[in-house]
Each structure stands twice: as C-alpha cells, then as structure tokens.
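This report refers to the structure that appears directly beneath it.
Note on naming: letters A, B, ... go to the chains in the order of the sequence lines (proteins, then strands), and numbering restarts at 1 for each one. Just so it is clear, the values below take in all heavy atoms, side chains as well, and ignore hydrogens, waters and symmetry mates. Not measured: the values here are computed from a predicted model.
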2 protein chains.
Amino acid sequence: MKVTISDVARAANVAKSTVSKVLNDSPKISNETKQRVREIMKQMNYIPSSIATGLARQSSQTVGLLVDMSKESEFLNQFFYNIIGGIESVMGPLGYELTLCNIQHHDAEDHFLNRLVLNQRVDGIIANNSVLTEELAKELDRLNFPYVSIGEMEPAASWVDFDNEAGGRMLTRHLLEQGYCSPAFIGGQRNERIFSRRLSGYLQALKQSGRLVRQDWIVNSQADEHEGYRSALRLLVREDRPDSVVCMTNYTAFGVLKAARELGIEVPGQLGIAAFDEYPLSRYTTPPLTSLNIDTFKLGVTSGQWLMDHIRENCTASRRLLLEPELIVRESTAGPAR
Amino acid sequence: MKVTISDVARAANVAKSTVSKVLNDSPKISNETKQRVREIMKQMNYIPSSIATGLARQSSQTVGLLVDMSKESEFLNQFFYNIIGGIESVMGPLGYELTLCNIQHHDAEDHFLNRLVLNQRVDGIIANNSVLTEELAKELDRLNFPYVSIGEMEPAASWVDFDNEAGGRMLTRHLLEQGYCSPAFIGGQRNERIFSRRLSGYLQALKQSGRLVRQDWIVNSQADEHEGYRSALRLLVREDRPDSVVCMTNYTAFGVLKAARELGIEVPGQLGIAAFDEYPLSRYTTPPLTSLNIDTFKLGVTSGQWLMDHIRENCTASRRLLLEPELIVRESTAGPAR
DNA sequence: TTGTAGGCGTTATCAG
DNA sequence: CTGATAACGCCTACAA
C-alpha cells in the first residue's frame with residue numbers, strides 16, 4: 001500500500017539505515033548515494049510516516065494549544081485568529097503542527113495532561129492563563145514539560161501578555177490631557193487579574209496627576225454591553241457625574257455610549273470615552289472610540305519562539321514579555337466642550 | 001522514565017498482549033484479570049502512548065483543519081471559533097484531536113498533502129472551499145482520503161454551507177414587505193461564488209414580486225467598509241436612487257450607513273438597509289442592522305459528524321447540507337417614511 | 001561510507 | 001482465556 005523506507009532501500013539497493021540517513025541529511029553519506037536515493041524516493045513518491053518517526057524519536061513534532069471553548073467572550077476568542085497565526089508563523093516553518101485541545105468537557109481521567117502530555121501527543125503547550133491554572137503549571141514544571149502561557153502568570157512560568165497597567169495609564173492620561181478632569185472606570189470583575197491590572201493603571205494615572213480617586217466612580221460589572229449600559233445610566237444621572245469614562249472593553253463602551261445617547265449627553269462634548277481593545281467595535285461606533293490596540297500576532301510569535309526554545313532546550317529559563325499597547329485616538333475623546 | 005505497557009505487564013505478571021487487551025477492553029479477558037491489571041495501571045500511572053498506538057493501528061486519531069491564515073477577512077476568520085467549537089464537540093468525545101494546518105506558506109514540496117495526509121498525521125480533513133480547491137479535492141478522492149468541505153463545492157464532494165441564495169431572498173423580500181420598492185445590492189466580487197449565490201437570491205426575490213431588475217443598482221466592490229461607502233455615495237446622490245440596500249457584509253453596510261449619514265439620508269426612513277451576517281457589527285451600528293444569522297456551530301458539528309462517518313466508513317457517500325439562515329429584524333429596515 | 005541489529009510502545013495473529 | 005511473536009515504519013548504535 002503505502003511505500004515505506006524498506007521499499008526505498010530495496011529499490012535503491014541499500015540498507016534501510018542508509019535511507020534513513022539520507023532522509024536526515026547525515027554527513028556520513030556520500031553525495032552520490034544521497035542523490036541516487038533521493039531520486040528514487042521521488043520516483044516512488046515516498047513520504048516518511050511522521051508517526052513512525054515520532055515513535056522512534058520520542059517526539060510528536062506537535063504543540064498543543066489549550067482553549068476553553070465554552071467561554072464565548074474569552075480573551076482567546078477575540079484574538080484567537082491572530083495569536084494562532086503568530087504561533088503558526090514560527091512553528092510551521094520549523095515543521096511543527098498545532099493541535100487544538102478543548103479543555104472544557106474533559107473530566108479528570110480524560111484531562112489534557114493525560115490526553116496530550118503524558119500521551120506524548122504534543123511536545124509542548126501554549127495556553128492562556130484562564131485555562132492553564134497555576135496548579136497545572138506546577139504540575140507541568142514538575143514533569144519538566146515545556147509550556148508558555150498567554151497572559152500573566154506567577155513568576156515561575158514563562159508568559160507573554162500585553163501591559164494592561166500601562167494601558168490603563170495611557171487611556172486615563174489621554175483623557176486628562178484632552179481636558180477631561182474626572183474620569184470614571186467601568187466594567188470588570190474584582191477578582192479578575194486583568195481587571196485589577198487595568199484599574200491599577202487608571203489609579204496610577206489619576207494619582208500621578210494629583211486627582212483624587214472616587215471609589216464610587218469605579219464600577220464593577222460584567223464587561224458586556226448590557227452592564228456597561230446599566231452602570232453608565234446610574235453613574236450619569238447623578239449631579240456630580242464623571243466627565244469621562246475608561247471602559248474595560250469595547251462592549252462596555254458601547255453600553256456607555258447608548259446610555260449617554262439616551263440621557264442626551266453628548267460624546268465627546270459632555271462625556272469622553274476611552275476603551276480597552278480595538279476589536280471588534282472601536283472603529284465602528286458613533287462616534288468612533290479612542291482605544292488601545294495590541295499586537296496580538298506578536299504575542300503569538302513570541303510565545304511560539306519561547307516554546308521552541310524550551311523544547312529544544314536552548315533556553316529553559318522562565319521569561320516574560322509585556323507588550324506595550326498602542327493608543328488609537330478617535331473622536332470619542334476629542335475633548336470637553338468649553 | 002516513562003512507564004510502558006511492558007512495565008505494567010511485568011508488574012502484573014502477565015504478557016504485554018494481555019495488558020493491551022485489557023486496555024482495549026477485549027471480551028476475551030477475564031474480569032478478574034482486567035480488574036487486577038487496571039489496578040496496577042492506575043498505581044503505576046500508566047498512560048498509553050498515542051504515537052505507538054497510532055503506529056500499530058495505522059491511524060493518528062487526529063483530523064486536520066486547513067486554514068489560510070493569510071486572509072484576514074476570510075470567512076473562516078469570523079466564524080472560526082464557533083465552527084471549530086462545533087467540530088470539536090463531536091470529535092473530542094470520540095477521542096480525536098484537531099490539528100490546525102496553515103496552507104498559506106507551504107510550497108509544493110511542503111504541501112499539506114505531504115505534510116498531513118501522506119504523512120499519516122491526520123485521518124481526515126475539514127477545510128473551507130477557498131482552501132480546498134477542486135483540484136485538491138479530486139486528489140483526495142483519488143487517494144480515497146476522508147474530507148468534508150465547509151462551503152459549497154462541486155457535486156462529488158461532501159460539504160456543508162449555509163444557504164446564501166435563500167439569504168439573498170430573505171433579505172430582499174423582507175425589504176419589499178417592509179414597503180421598500182427598489183432595493184439595490186452592494187458589495188462582492190463577480191467571480192466569488194458566495195457573491196453570485198447571494199445576488200441570485202436577491203434577483204429571485206425581485207422577479208418573484210414582479211419588480212424590474214436594474215443592473216446599475218448592483219454594485220460590485222470589495223465587501224469592506226471603504227468600498228461600501230464609496231459605492232453608496234455614488235448610488236445615493238442620483239435622482240433615481242434606490243430606497244433600500246442589501247449589503248454583502250456587515251462592513252459594507254457600515255460603509256453605506258456612513259454615506260447615508262453624510263448625505264443626510266435617514267435610515268430607515270429614507271433608506272432601508274439589510275445585511276448578510278450577524279457578526280461582528282449588526283447589533284452595534286446606529287441604527288442596528290437587520291441581518292442574517294447563521295448557526296456556525298451547527299456547521300461545525302455537521303462537518304465533524306460527516307467526517308467521522310467517512311473515517312469509520314459508516315457512510316462514504318457524498319452529502320451536502322444547506323443551512324437555512326435566520327432573519328434578525330432590527331431598526332435599519334423599519335420601513336420607509338410615508 | 002555503508003550495513004546489521006535492536007529498539008521505540010503498541011496491536012494483531014496465532015498457538016496453547 | 002492467556003502468551004509468544006511478529007508486525008507498524010523509522011532511528012541509532014555499533015560493526016564492517
């Protein structure tokens with residue numbers, strides 16, 4: 001059926017091992033032999049079986065991408081495509097395949113640890129930090145198994161993330177520089193690390209410019225449209241309302257916009273709005289949103305490179321990357337009316 | 001290092017083959033032995049190597065997902081996540097992994113055919129029709145290799161798609177029913193199959209209701225914001241302008257909205273707008289867009305199921321699914337002002 | 001420089 | 001029911 005290394009060897013009148021060495025371009029084989037064997041391989045349409053190679057080499061030439069497909073509004077969901085693209089752009093040329101693993105419905109027995117790692121289906125793992133808990137990370141460390149986290153983790157691990165704190169500072173500072181005096185912060189759950197980072201940047205910017213922080217202007221809620229809307233409604237009907245808002249997500253911002261429109265509050269004249277993330281809405285709201293763009297492709301590339309270093313043991317030290325976001329200024333923060 | 005089947009066999013005082021049979025729950029093994037061996041496997045933390053199993057069984061328990069990651073505005077891009085989720089929901093429980101393969105930068109030698117198929121890295125393939133050309137499909141047929149296309153293909157192949165023609169009819173009819181008399185069609189390239197399907201639905205609806213078709217109201221262009229905008233500007237300044245538009249994509253519609261706003265044309269009062277696709281903008285434009293939603297998860301589920309049938313040879317016949325889209329009525333088609 | 005033999009961790013086919 | 005033994009297709013000493 002399928003042509004194997006033995007077939008080629010027979011046809012070329014050499015030993016299997018010779019063919020194998022040709023395959024791996026061993027320097028111990030004469031050029032003539034290489035030429036000849038390669039010729040025959042081509043003629044016979046020989047393609048080595050990666051399963052057999054994997055078994056012999058004890059490596060699958062595959063990396064696993066852990067995703068929780070249950071979470072619709074997942075970080076990975078939005079940036080999935082770019083991040084994967086970045087990872088692939090470094091793994092692909094090196095001959096590695098990418099395997100997607102949904103960690104959602106697998107119970108203990110069928111856990112990805114068994115399913116992929118101990119299984120030897122993958123040589124390394126990339127996962128975001130909502131999936132790769134610190135407990136799992138410890139286990140991988142114990143097994144000395146290569147992995148990189150997308151999203152901040154505890155110091156022991158290698159991870160790449162974008163600088164949420166800087167992002168919070170940038171959005172807030174931008175509002176202040178535009179002449180807004182009293183920015184609020186809407187969206188996000190207290191216990192989420194990403195929220196606390198973003199909020200912390202907001203607080204830093206306020207303090208650095210000597211403004212006072214008003215706790216009642218920091219609103220925790222789901223980072224979606226509905227909650228953004230509700231939060232904004234409550235906040236904006238008050239006498240002493242903020243003159244601008246930093247929003248956790250595009251959707252939060254959309255909700256805030258809607259509330260402002262209903263209350264007859266003009267954006268940006270009476271309310272400035274700046275939001276995290278550039279996708280999917282910032283360009284398309286009315287008015288368009290000032291927001292933060294992040295180079296998700298680069299996030300993928302870096303995590304891929306580091307994982308490769310890990311796998312090839314060029315570098316097993318834990319590293320971290322904090323990618324600086326880019327401020328995209330649009331109409332929603334054009335400045336308060338005087 | 002790693003514990004193998006031999007280790008278990010030794011510890012249990014049985015033959016490797018016995019352990020293997022226990023692993024596969026062969027009926028030829030006594031329950032006592034099964035119990036005992038399983039116990040020991042658990043104690044020793046034995047996990048079978050899927051590579052070895054693959055080699056022995058000549059199957060990788062993996063399916064390949066072909067994607068062209070270069071195309072940013074790719075169909076798959078937008079719906080990627082849901083489709084993959086659907087595929088995984090059927091493959092995962094059956095013990096199959098998903099492997100992503102970027103077909104973009106691989107040249108002839110490094111083609112996915114070699115890289116995945118002939119390689120035996122995957123047991124089957126799912127790809128969308130922009131990636132899986134008919135030429136490739138023929139080759140796979142020749143190899144008798146299981147695959148399913150996401151998106152219409154020639155009759156010989158199995159494919160799932162949503163009914164673009166019906167979609168075109170639904171949007172157009174809806175406009176007419178709302179009282180708009182003269183809908184235009186904006187966006188899409190003549191040579192794209194998806195465009196011709198959608199357009200054809202539009203034409204059908206017009207003819208069925210006895211309206212005349214105006215070729216100059218069918219505008220070909222990139223299906224993005226900019227081109228939607230430009231096309232709409234040209235169309236809407238004319239004396240005999242259409243009173244409504246069917247848009248190829250969300251982005252096209254956004255461009256049209258922008259043009260209308262600039263020209264002072266009210267939506268929906270003076271211009272009705274209906275658009276294909278529900279993501280990412282339809283809910284968030286001003287006014288929100290009437291659009292078509294499709295069950296992308298189901299697209300994934302079906303393609304996964306069919307591929308499994310193919311792999312297991314339950315059913316190798318070629319099948320096709322045309323998923324009916326769902327009309328989501330929103331403000332943008334509320335009806336013309338009288 | 002090339003060939004021989006054994007191993008990678010399973011499954012499958014027979015005997016017993 | 002259980003156990004040898006030979007695949008599966010490739011790699012890697014070590015020997016020639």
Side-chain angles (χ1 to χ4, degrees), chain A residues 1-38 40-41 44-62 95 114-123, chain B residues 1-38 40-41 44-62 95 114-123:
Chain A
M1 187 66 250
K2 185 176 190 309
V3 29
T4 76
I5 204 173
S6 313
D7 301 327
V8 176
R10 203 172 309 124
N13 244 316
V14 294
K16 288 197 311 181
S17 60
T18 303
V19 179
S20 172
K21 282 165 195 150
V22 172
L23 230 40
N24 299 293
D25 202 18
S26 157
K28 311 181 159 188
I29 298 288
S30 71
N31 278 326
E32 305 156 50
T33 311
K34 281 188 187 172
Q35 291 296 318
R36 197 162 53 81
V37 173
R38 287 198 178 119
I40 293 182
M41 295 196 301
M44 302 181 74
N45 279 320
Y46 168 68
I47 309 278
S49 152
S50 52
I51 304 189
T53 310
L55 182 57
R57 287 219 185 108
Q58 297 289 76
S59 124
S60 58
Q61 295 281 103
T62 299
N114 299 337
R115 189 174 167 139
L116 292 182
V117 177
L118 303 176
N119 231 359
Q120 299 175 290
R121 270 184 115 107
V122 299
D123 297 343
Chain B
M1 191 64 249
K2 186 177 190 305
V3 29
T4 75
I5 204 172
S6 311
D7 300 327
V8 176
R10 203 172 309 124
N13 245 316
V14 294
K16 289 200 308 182
S17 55
T18 304
V19 180
S20 172
K21 281 164 197 149
V22 172
L23 229 40
N24 298 293
D25 202 19
S26 156
K28 314 180 154 190
I29 299 289
S30 72
N31 279 326
E32 304 156 49
T33 311
K34 279 187 186 172
Q35 291 295 316
R36 198 161 53 82
V37 172
R38 286 197 179 119
I40 293 182
M41 296 196 299
M44 301 180 76
N45 278 320
Y46 168 69
I47 308 279
S49 153
S50 53
I51 306 190
T53 309
L55 182 58
R57 286 219 185 106
Q58 297 289 76
S59 125
S60 58
Q61 294 281 105
T62 300
N114 300 336
R115 189 173 169 139
L116 293 181
V117 178
L118 303 177
N119 233 0
Q120 298 176 291
R121 272 184 113 109
V122 300
D123 297 344

* To do: Check step by step if side-chain contact (heavy atoms from CB on, under 4.5 Å) holds for A/Leu23 and A/Met41.
  => CA-CA 10 Å; A/Leu23 230 40; A/Met41 295 196 301; 3.5 Å; yes
* May I ask you to say what A/Thr33 touches in the nucleic acid, namely base, sugar-phosphate or nothing, with a heavy-atom cut-off under 4.0 Å? => sugar-phosphate
* To do: Report the distance from atom NZ of B/Lys16 to atom P of D/dC1, rounded to the nearest whole Å.
  => 24 Å
* Decide whether B/Thr33 and B/Ser30 meet the rule of one side-chain donor and one side-chain acceptor closer than 3.5 Å. => yes
* Length of the CD1-C1' vector between A/Ile51 and D/dC8, whole Å -> 10 Å
* Asked: Checking side-chain contact (heavy atoms from CB on, under 4.5 Å) for the pair A/Arg36/A/Val22: CA distance, chi angles, key distance, verdict?
  -> CA-CA 10 Å; A/Arg36 197 162 53 81; A/Val22 172; over 6 Å; no
* After noting the C-alpha distance and the side-chain angles of B/Lys34 and B/Asp25, does the key distance pass the salt bridge (charged side-chain N to carboxylate O under 4.0 Å, His left out) rule? -> CA-CA 8 Å; B/Lys34 279 187 186 172; B/Asp25 202 19; 2.9 Å; yes
* Asked: Below 4.0 angstrom from OP1 or OP2 of D/dA7, is there any side-chain N or O of B/Gln58?
  -> no
* Structure fact -> For B/Ser60, the side-chain hydrogen bond (donor to acceptor under 3.5 Å, both in side chains) test, sequence neighbours excluded, returns B/Asp123
* Distance check: side-chain N/O of B/Ser30 vs OP1/OP2 of D/dT2, anything under 4.0 Å? -> yes
* Asked: If you round to the nearest 0.5 Å, how far is OG1 of A/Thr4 from CZ of A/Arg10?
  -> 7.0 Å
* Structure fact -> Taken to the nearest whole Å, CD1/A/Ile5 to P/D/dC11 is 5 Å
* Sugar-phosphate only, base, or nothing, as touched by A/Val19 at under 4.0 Å among non-hydrogen atoms -> nothing
* Structure fact -> Among the nucleotides D/dC11, D/dA4, C/dT10, whichever has the atom closest to the side chain of B/Ala15 is D/dA4
* Choosing from C/dT2, C/dT11, D/dG9, which nucleotide comes nearest the side chain of B/Ala56? -> C/dT11
* Asked: Can you check whether B/Gln120 reaches A/Lys2 side chain to side chain, under 4.5 Å on heavy atoms?
  -> yes
* To do: Between A/Val14 and A/Ala52, just flag the one whose closest nucleotide in DNA chain C comes earlier from the 5' side.
  => A/Val14
* Asked: To the nearest Å, how far apart are B/Arg10 CZ and D/dG3 P?
  -> 14 Å
* To do: Take the protein atom NZ of A/Lys34 and the nucleotide atom P of C/dT1, then report the distance between them rounded to whole Å.
  => 9 Å
* Asked: B/Ser20 side chain N/O closer than 4.0 Å to the phosphate oxygens (OP1, OP2) of C/dT11?
  -> yes
* To do: Rounded to 10°, tell me the angle between the two end axes of the helix from C/dT1-D/dA16 to C/dG16-D/dC1, each built from five pairs.
  => 40°
* Asked: Under 4.5 Å between any side-chain heavy atoms of A/Pro48 and A/Ile5, yes or no?
  -> no
Can you name the atoms? Protein N/O to nucleotides 13-16 of chain D N/O, anything below 3.5 Å, with the distance.
none

* **B/Ser49 side chain to A/Arg121 side chain, donor-acceptor N/O pair below 3.5 angstrom** => no
* Atom pair distance, as rounded to whole Å: NZ in A/Lys2 and P in D/dC10 -> 6 Å
* To do: Select base, sugar-phosphate, or nothing to describe what A/Asp7 touches, counting heavy atoms under 4.0 Å on all strands.
  => nothing
* Structure fact -> Rounded to whole Å, CD of A/Glu32 lies from C1' of C/dT1 at a distance of 11 Å
* Tell me: CG of B/Asn13 to P of D/dA4, nearest whole Å? -> 10 Å
* Asked: In terms of side-chain heavy atoms, does B/Thr53 have a donor or acceptor partner in B/Ser50 at a distance below 3.5 Å?
  -> no
* Asked: At under 4.0 Å between heavy atoms, what does B/Ser49 touch on the DNA or RNA strands: base, sugar-phosphate, or nothing?
  -> sugar-phosphate
* For A/Leu23 and for B/Leu55, locate the closest nucleotide of DNA chain D by heavy-atom distance; then report the residue assigned to the nucleotide nearer the 5' terminus. => B/Leu55
